[in-house]
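Computed from a predicted structure; not experimentally measured. Every chain is numbered from 1 and lettered A, B, ... according to where its sequence line falls, protein lines coming before strand lines.
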Amino acid sequence: MDLPKQYDPAAAYDRWSEAWAEAGTFDAVPDATGAKPPHAVMMPLPNVTGVLHLGHALNNTIQDVLTRWRRMQGYAALWQPGTDHAGIATQAVVERRMLEEEGLTRHDVGREALVNRIWAWKETSEARIVEQLKLLGASCDFRRQRFTLDEVCSKAVRETFFRLFKDGLIYRGKRLVNWDTYLQTAVADDEVYEEDVNGHFWTFEYPVVDADGTETGERLALSTTRPETMLGDTAVCVHPDDDRYKHLVGKTVRVPINGRVVPVIADGELADMEKGTGCVKVTPAHDPNDYACWERQRGTETEIDILNVMHPDGTMNAAGDVEEFIDLDRYKARDLLVEKVSELGLFKGVEDRVIPLKHSDRSKTPVEPYLSDQWFVRMGPAGTSPDGEKGDDFDLAGSAIDAVAEGRTEFFPPRYQQTYESWLGEKRDWCISRQLWWGHRIPVWRRRWTDDAVVTEEQIKTDTATFRTAGEEKQDTYEARFVEHPEGEGCSIFVCLRDDDAELLKALEADGFEQDPDVLDTWFSSALWPLETLGWPDLDRDPPKKNLKSGDEPPSPVTGTNADFDFYYPTAVLSTSRDIITLWVARMVVMGLYHADEVPFKHVYIHPKILDGFGQTMSKSKGNGVDPLDMVDRYGVDAVRFTMAGIAGDTQDVRLPVGYECPHCGEIIPQTLEHQKARPMGGEKPTIACPACGKESQFSSPWYTPDEGVPVARMVSERFEAGRNFGNKLFNAARFAIRNLEGYEPGPVDVTSLPLEDRWIVSRLAEVTASVTDSFEGYRFDDACRTLRDFVWNDFCDWYLELTKPRFRDDDACPEAQRVLVGVLDAIVRLLHPVMPFLTEELWHALAAVAPERGLPSPTAADETCAFAPWPAFPADWVAADDCARMERLQELIVAVRNVRATYKIAPSAPLNLSIACEESVAADITASAGTFEFLVKATLADVGPDVTRPPGSAGFTLPGVEGFVPLGDVIDVAAEKQRQEKEAKQLRGHIAGTEKRLANEKFVASAPPEVVQGAKDKLAELRQQLVSVEEILSDLG
RNA sequence: GGGCGAAUAGCUCAGUUGGUUAGAGCGCCACGUUUACACCGUGGAUGUCGGGGGUUCGAGUCCCUCUUCGCCCACCA
């Protein structure tokens, strides 16, 4: 097998991805014998909204490195892939495209048709994501691929909802949402943006009234930016310490517009004495702060009312109690209200004010805080939810805090534990309903009985089709909840179904029940990810697995156990981004503990974020995303992975500046913010101008696809060149090695009796192997990559390969040299396999062709694939500090000779002589390396030993314990040599002065550790001796 | 407002428990096609470790403070 001069990553990818898939190399199989311990990684499920970007590439590289590394260590490794339906984000994408391309809204097409369209989108998007994962070399078990809306996941969601509902941990409550009055939907916090608008700040007066409603003559002034909410005022609030108003607390005032009499309350959190008049109107249903105030007052003596005065379309409803306002748009109502209150003489003025107003990202219209009924999961202990459900004692948030505090789940780096704990510590109830069509429909059917005021729970149970059908035998399939309304307004019944039982559904329909139109928060299903992917709640059979060839996913036979769940849960590690520690990580822990009484993962690794060249996080809206496949295409998958892993340590986020390569002249044009923003205007695609050649071209952009057949400036990033160059370096080192392995015979190697360079490289290998293993264990991928790069490039290629070259031409030395060479290379290939799987698999097979049996200290038959090759580990006593020191001295000598050559511009081919003054013991070493000097620096060792003196007309160098001389005869430039030596002397004197100063300090000698003091003394002696040598040379030179 | 993090060479980043006069890659300069590799080799230049104070025999590293930047949470009648 003759390797080409350059590594071809695309060819390697095709060859090995296919071979691995064919062999089922990444199929995760639980090992019942106990020989292979479990190692499971659950992929943070990408959204099916679009394509993966570099952040995904980073995280997926990390997970793949972990998985492949553990697989080599002999674990039964599972990397679970899948995608998330991502409720609002996906629905928004599809709706937007529908609107842009066809001018249709979701109301035009209806619920079913919209959902079908989203499914179609999901299929394409998911396929693209899986394709990207594969092109990144992800060693997932794709037979197990799950989607959060598929049948298996839906079952887990239904089961979870049912159990929580039954345990009283799910309740119906009120919540202020961001309401888009144009699209008539709630909008998530991250889908609203703030924009300053020019508004007004009106001041009104509310008359104080006494118990029987007569005005006392006193008036309270207060200001607002939204006068129309006055219709919904249910209180007026002042600060408890405000002397101006203290006497009014507990009294009542009349709301000017509708005459409603409301209390004056004191709430220091709502009212601010410094702002406005210090007095504030309270409209709990239409303002977040007022709502919070309402919550605080609830259940106290000063409990206040809450009144929704608006229709979903933004017009006023009848609750405001003023006929003229009904059905009037909120902004018209605002003007009318000001007018009416003016007529009453209670309008006190208006000023202009710039108001930061929240807008819906989707309709670009202002959102209204809007009170709505929602489903909640109670996070704290019993009795903490607003309507005091009975519930059991389970404290969801508390259990998750405890688990981490006890160390059952550990964060890397540990500081992120705080984010997790402080968020969960608030124990804020989780609003799980969303007013969307794309997602898990809430499995609750409801009916309100208003027609029959006397109806009781008992009567309904006996009289309705629903409960007759349910009977005794369906106790476990549903849970009903009765809510009695006050004052003879009947009751509501909520029925939660565990499964869609056809009979019960029919009976519910007959009784006039309707299913809740809302869907569940996306995080509700992703919180179950580690459970549902392993087949939970079915614990009597394994989860189904897809036949990748046919695409079928037959149900697993019932065996009485779920081997996958038993074996892989809890999983080993979750690798994710810090911004979803709360949304996702915490909730998975909550659900894992609730359902399985065990944390879902033992470790959480939080990876760095990739920023663009301007320090911004990459995101779709900024347009600064980079498609990893552009990089894979250009630099190769191994290079991209090596660079990604090299970024991942435990602290820094990392900038990754990109540029565009001019298709005309090849010049790199750095990316600017303008490039990120450039979008097609009026169909015209933006172009980029090359400063070097002045030509224009279209360029890679997330906003558009460049035209066919025009020159395109493609995105490039020099960061990946480092990875590519390194891969090519290793590839060529292997090519060289294979060329020199002709006639290779396997055989054992006695490490202790090897030549110096072998003992050195083997020592370094043992050291590096231990270090890389340690780095992976601590999730310090950057350390591992740096260590491996330095070892391979600097030690193995620059020195070891060079040093051993002559031995391959020597029949006696060759066999042993071959064994060591192939043994070291074999270990390097294994060590790099988790990071650069395709390159190393390529080399693995190339090595197998010439050396099927290899390894240190005794050769063994190599595995079929590097993916299952055992992870290297070497005896600790292979690390030989003494040999390394001797090797380093040799290296320094060689560098010094090269330096002389460079200084005097002596051609590499011109032979030199070399004299070295040193102790006998060192001289023996140097004499033994005479061949090396000949070979590496074309220098003949003329003389070596304690008595050597500087030959006339020679350049010199001094090292600790060694003086070297290179006679140059006529070539010597005395002035230049003096200058060189002066510089050296100056440096030495600086060092000496510094060290002397330290040692002269009595406190240093007294308080520093003895080894540090001794180290300084030794160093000083060495430096002085070197200086003496340099000074001798100088005086010699005159 | 609360919390977390960052600031080291032109750029991107390392720098273990404090211990020589601080490192790497890229870029830059000079030389070089020596039979693995020009995606290369050899040699070289490049720093007030953001500012100020403190602790210590000794600070890039620990403490305080200021400045700038990033992220999360809360808030903005």
*Indicate whether OP1 or OP2 belonging to C57(B) is found under 4.0 Å from a side-chain N or O atom of R998(A).*
no
*Test salt bridge (Lys or Arg N to Asp or Glu O under 4.0 Å) on D653(A) and R578(A) and set out the steps.*
CA-CA 11 Å; D653(A) 292 347; R578(A) 73 174 99 92; 2.4 Å; yes
*Are E996(A) and R1024(A) ion-paired here, with the side-chain N under 4.0 Å from a carboxylate O?*
yes
*Would you indicate what V1005(A) reaches in the nucleic acid, counting non-hydrogen atoms under 4.0 angstrom: base, sugar-phosphate, or nothing?*
nothing
_Atom-to-atom span, CG of L843(A) to P of C37(B) - whole angstrom_ = 16 Å
*Start at the 5' end of RNA chain B and walk down; is the nucleotide closest to T903(A) or to N1001(A) reached first?*
T903(A)
*How far does the C1' atom of C69(B) sit from the matching atom of G54(B), given to the nearest Å?*
26 Å
*When all nucleic acid strands are considered with a 4.0 Å heavy-atom cut-off, which category describes W202(A): base, sugar-phosphate, or nothing?*
nothing
*Check the side chains of T229(A) and K281(A) for a donor-acceptor pair under 3.5 angstrom, ignoring hydrogens and angles.*
yes
_Between L656(A) and I992(A), which residue's closest nucleotide on RNA chain B lies nearer the 5′ terminus?_
L656(A)
*Can you tell me the pairing partner of G41(B) across any strand shown, Watson-Crick or G-U wobble, with both distances under 3.5 angstrom?*
C31(B)
_Under 4.0 Å, counting only non-hydrogen atoms across every strand here, what does R898(A) touch: a base, just sugar-phosphate, or nothing?_
sugar-phosphate
*How far does the P atom of U20(B) sit from the matching atom of G58(B), given to the nearest Å?*
15 Å
*asked:* Nearest to the A1008(A) side chain among C13(B), G19(B), A45(B), which nucleotide is it?
replied: G19(B)
*What is the distance, rounded to the nearest whole Å, between atom CD1 of I647(A) and atom C1' of G25(B)?*
13 Å
*Side-chain contact, heavy-atom cut-off 4.5 Å: M836(A) with R641(A)?*
no
_Aromatic contact, Y779(A) with Y605(A) (centres under 6.0 Å)_ = yes
*A36(B) and U12(B), which share atom name P, separated by this distance in whole Å*: 38 Å
*Rounded to whole angstrom units, what separation is found between the CD atom of Q417(A) and the C1' atom of C72(B)?*
17 Å
*Identify whether any heavy atom of K5(A) sits under 4.0 Å from a base atom; if not, whether one sits that close to sugar-phosphate; answer base, sugar-phosphate or nothing.*
sugar-phosphate
*Just how far, in rounded Å, is P of A6(B) from CZ of R655(A)?*
15 Å
*Euclidean distance for C1', C49(B) against A59(B) (whole angstrom)*: 11 Å
*Quick one: which of C40(B), G19(B), A36(B) gets closest to the side chain of C797(A)?*
A36(B)
*Nearest-Å distance once atom P is located in both C66(B) and G1(B)*: 12 Å
*Give the nucleotide from the list G44(B), G5(B), A77(B) with an atom nearest to the side chain of T225(A).*
A77(B)
*Between C13(B), A77(B), C40(B), which one does the side chain of V654(A) approach most closely?*
C13(B)
*May I ask you to say what R809(A) touches in the nucleic acid, namely base, sugar-phosphate or nothing, with a heavy-atom cut-off under 4.0 Å?*
nothing
_Complementary nucleotide for C69(B) - Watson-Crick or wobble, under 3.5 Å_ = G5(B)
*Is W793(A) near enough to G41(B) that one of its side-chain N or O atoms lies under 4.0 angstrom from OP1 or OP2?*
yes
_Measure CZ/R578(A) against P/A6(B) and give the value in whole Å, please._
11 Å
*Do M644(A) and L54(A) have side-chain heavy atoms sitting under 4.5 Å apart?*
yes
*Do K729(A) and Y7(A) meet the cation-pi criteria used here (NZ or CZ under 6.0 Å from the six-membered ring centre, within 45° of the axis)?*
no
*Residue K905(A), side-chain atoms from C-beta onward, closest of A45(B), A30(B), C37(B)*: A30(B)
*With a 4.5 Å heavy-atom cut-off, do D352(A) and H200(A) have their side chains touching?*
yes
*Nearest-Å distance once atom P is located in both C11(B) and C28(B)*: 15 Å
*Once you round it to whole Å, what is the distance between C1' of A59(B) and NZ of K1003(A)?*
17 Å
*Could you work out which one of G3(B), G41(B), U20(B) sits closest to the side chain of K1019(A)?*
U20(B)
*Do the side-chain N or O atoms of N899(A) get closer than 4.0 angstrom to the phosphate oxygens (OP1, OP2) of U42(B)?*
no
*When you measure from the side chain of K983(A), which nucleotide among A36(B), A45(B), G41(B) comes out closest?*
A45(B)
*For the side chain of R724(A), starting at C-beta, report the closest nucleotide among C37(B), C39(B), A77(B).*
C39(B)
*Determine the contact category for D782(A): base if any of its heavy atoms lies under 4.0 Å from a base atom, sugar-phosphate if only primed atoms, P, OP1 or OP2 are that close, otherwise nothing.*
nothing
*Taking atom C1' in both G70(B) and G32(B), what distance in whole Å separates the two?*
45 Å
*What is the distance from CD of E984(A) to P of G44(B), rounded to the nearest Å?*
11 Å
*Looking at K729(A), does any N or O in its side chain come under 4.0 Å of the phosphate oxygens OP1/OP2 on G41(B)?*
yes
*What nucleotide, of C26(B), G43(B), U42(B), holds the atom closest to the side chain of E718(A)?*
C26(B)
*Among the nucleotides C4(B), G25(B), C37(B), which one has an atom lying closest to any side-chain atom of R789(A)?*
G25(B)
*In whole angstrom, give me the gap between the P atoms of U42(B) and G60(B).*
32 Å
*Under 4.0 angstrom, heavy atoms only, what part of the nucleic acid is T224(A) near: base, sugar-phosphate, or nothing?*
sugar-phosphate
_If I take atom CZ in residue R719(A) and atom P in nucleotide G25(B), what distance separates them, rounded to the nearest angstrom?_
14 Å
*What is the nucleic acid contact for E1002(A), judged by heavy atoms within less than 4.0 Å: base, sugar-phosphate only, or nothing?*
nothing
*Is any side-chain N or O of Q6(A) under 3.5 Å from a base N or O of A36(B), one able to act as donor and the other as acceptor?*
no
*For P288(A), which contact category applies under a 4.0 Å heavy-atom criterion: base, sugar-phosphate, or nothing?*
nothing
*Hey, does S1007(A) reach any base, or is it just sugar-phosphate, or nothing, if we go heavy atoms under 4.0 Å?*
base
*Determine the contact category for R786(A): base if any of its heavy atoms lies under 4.0 Å from a base atom, sugar-phosphate if only primed atoms, P, OP1 or OP2 are that close, otherwise nothing.*
sugar-phosphate
*At under 4.0 Å between heavy atoms, what does K1017(A) touch on the DNA or RNA strands: base, sugar-phosphate, or nothing?*
nothing
_K997(A) side chain near C57(B) phosphate (N/O to OP1/OP2, under 4.0 Å)_ = no
_Inter-residue atom distance Q987(A).CD - K983(A).NZ, 0.5 Å rounding_ = 6.5 Å
*Taking the side chain as C-beta and beyond, is there a heavy-atom pair between L730(A) and L843(A) under 4.5 Å?*
yes
